[in-house]
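Please read the structure below before turning to the comments.
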Amino acid sequence: MSIKSIGAKIFASIIHRKNKKWIDNPIEAQQKVFAQLIHQAKNTSFGNDHHFEKINDHKTFVANVPVRDYEQLKSYVDRVVAGEENVLWKGKPLYFAKTSGTTSGAKYIPLTKESMPYHIQAARDAILAYVHETGIANFVDGKMIFLQGSPILDEKNGIKLGRLSGIVAHFVPAYLQKNRLPSWDTNCIEDWETKVDAIVEETVSQDMTVISGIPSWVQMYFERLRNREYKNVGDIFKNFNLFIYGGVNYEPYRAKFEELIGRRVPSIELFPASEGFFAYQDSQKEKGLLLLLDAGIFYEFIKADEFFEKDAKRYTIGEVELGVNYAMIISTNAGLWAYNIGDTVQFVSTKPYRVVVSGRIKHFISAFGEHVIGKEVETALQIAMEGTNVQVNEFTVAPQITPVEGLPYHEWFIEFGQEPEDLNVFAAKIDIALRQQNVYYDDLILGKVLQPLIIRSVVEGGFQEYMKSIGKLGGQNKLPRLSNDRKIADQLKIKN
């Protein structure tokens with residue numbers, strides 16, 4: 001056993017004891033975070049507008065601070081982006097994480113000197129939790145790869161901005177730099193297909209032990225490796241024994257990954273976002289992800305089936321129940337207040353508090369990290385139909401992760417009343433309209449992670465037949481416009 005792996009075990013034990021203090025006292029931890037957030041932001045514009053000087057408990061917070069999404073908070077964010085200080089949080093943010101918007105283009109999520117360290121700490125602690133539980137630490141002696149966005153950052157009014165993964169690349173601890181791949185130059189390559197080829201060349205002869213990234217991105221990397229070497233990934237990297245992922249559900253990819261690797265590799269799931277690092281898998285034995293209650297984020301939860309009701313109850317951590325689908329609301333030390341991130345979670349444990357990500361408060365597709373929402377697909381379809389005789393009776397969209405050939409894609413299932421003259425031209429119009437609305441989807445097409453969408457024509461009455469088969473025909477039952485899996489898609493009858 002190397003000195004480095006012995007050191008990792010000792011460090012893991014220290015961090016475990018440190019974290020256990022808040023894990024064993026979750027309600028007190030959240031009360032402390034809440035008090036700190038209110039105190040530090042009481043003299044900001046947002047704090048003044050919402051009477052933070054009067055807020056001393058959750059009840060008064062709820063009375064003064066309504067739940068908002070990005071669009072509803074945008075007037076404040078725009079002031080921060082323009083360079084104004086002390087708006088949502090004291091001073092100015094260190095960075096903006098640029099993400100895909102819904103109705104107003106790109107979103108700019110602030111990252112502050114108080115919030116940024118928690119993104120790094122959480123990723124570190126996830127690995128250390130694995131070391132502490134399993135006693136396995138030899139992977140620290142090999143090479144580690146983190147597939148991520150370019151670390152090249154733009155600037156807006158003196159504040160750096162970029163994708164979160166690119167920003168995080170600037171904060172990799174010194175003790176990991178020697179073992180970390182790809183190189184800085186390779187990481188800066190913008191075109192994803194070119195970047196993957198360069199990463200393959202850099203890593204194929206290395207002793208890779210840890211591989212991390214969004215599963216769809218890693219899958220492409222693995223396929224390129226196997227095509228180059230005519231070997232399974234597990235034979236190329238004989239000591240590869242830890243896969244770290246987040247961003248999308250891994251389960252649809254698992255069988256393909258095991259085929260590409262040639263064996264099953266232990267994995268750690270993360271729940272990060274530009275708005276904060278919320279949870280990580282702290283156990284290989286227990287289900288769910290440990291919710292981070294001492295990381296500068298105060299959590300509230302609204303039952304998903306009550307979310308759109310006026311004055312829906314906002315629950316704190318001590319009030320949640322197991323198995324209930326909750327919309328997760330956050331207030332953070334980056335200046336997001338009662339902010340709806342759109343994700344839904346279910347608690348699978350309260351000792352400690354562990355969650356599983358159950359989806360979005362609205363239907364969506366994010367099999368590849370694109371975060372496409374219902375409004376975007378409906379608008380794209382509407383744009384494509386303008387000036388044509390095309391009639392659409394019903395439609396739904398699903399990801400095709402493992403096509404027989406070619407790149408993955410979004411698969412549109414449409415029952416036409418009147419079909420377009422050229423289905424491929426019609427599909428191209430939809431694809432362009434969708435790319436114009438969603439920068440993530442556009443990036444994936446440009447980077448050749450995805451190919452443009454493909455339309456399948458559903459037989460007449462096909463959707464009704466499906467709804468009938470699940471006992472939801474008629475009434476107020478609605479077919480989801482889009483899904484993050486193929487439960488619906490694989491049951492639809494397609495025209496030959």
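A centroid separation of less than 6.0 Å is found between the aromatic rings of Phe257 and Phe243. Ring centroid separation for the pair Phe298 and Trp337 does not come in under the 6.0 Å cut-off.
At a threshold of 4.5 Å between non-hydrogen side-chain atoms, the residues Cys188 and Lys195 do not count as touching. With a 4.5 Å cut-off on side-chain heavy atoms, Ile167 and Leu153 count as touching. Under the 4.5 Å side-chain criterion, counting only non-hydrogen atoms from C-beta, Trp184 is in contact with Pro151.
There is a side-chain donor-acceptor pair under 3.5 Å between Lys90 and Gln40. Looking only at atom types and distance, the side chain of Glu223 has a donor-acceptor partner in the side chain of Gln219 under 3.5 Å away. A donor-acceptor contact under 3.5 angstrom links the side chains of Trp89 and Glu114, judged on distance only.
Using a 30° and 60° split on the angle between ring planes, Tyr76 and His50 fall in the tilted class, from 30° to 60°. The aromatic rings of Phe277 and Tyr280 lie perpendicular to each other, with more than 60° between the two planes, well past the 30° mark.
Ile55 and Thr60 make their closest contact through CA-OG1, 3.6 Å (heavy atoms, listed as atom of the first residue, atom of the second, distance). Between Ile23 and Pro352, the shortest heavy-atom contact is CG2-CB, 3.5 Å.
For the side-chain hydrogen bond (donor to acceptor under 3.5 Å, both in side chains) test, no residue two or more places apart in sequence or in another chain qualifies with Ser165. Looking at residues two or more places apart in sequence or on another chain, you find a side-chain contact (heavy atoms from CB on, under 4.5 Å) between Pro182 and Ile145, Thr186, Asn187, Ile199, Glu202. Tyr339 meets the ring pair (Phe, Tyr, Trp, His ring centres under 6.0 Å) test with no other residue; sequence neighbours excluded.
No donor-acceptor pair closer than 3.5 Å links the side chain of Thr112 to the backbone N or O of Pro93.
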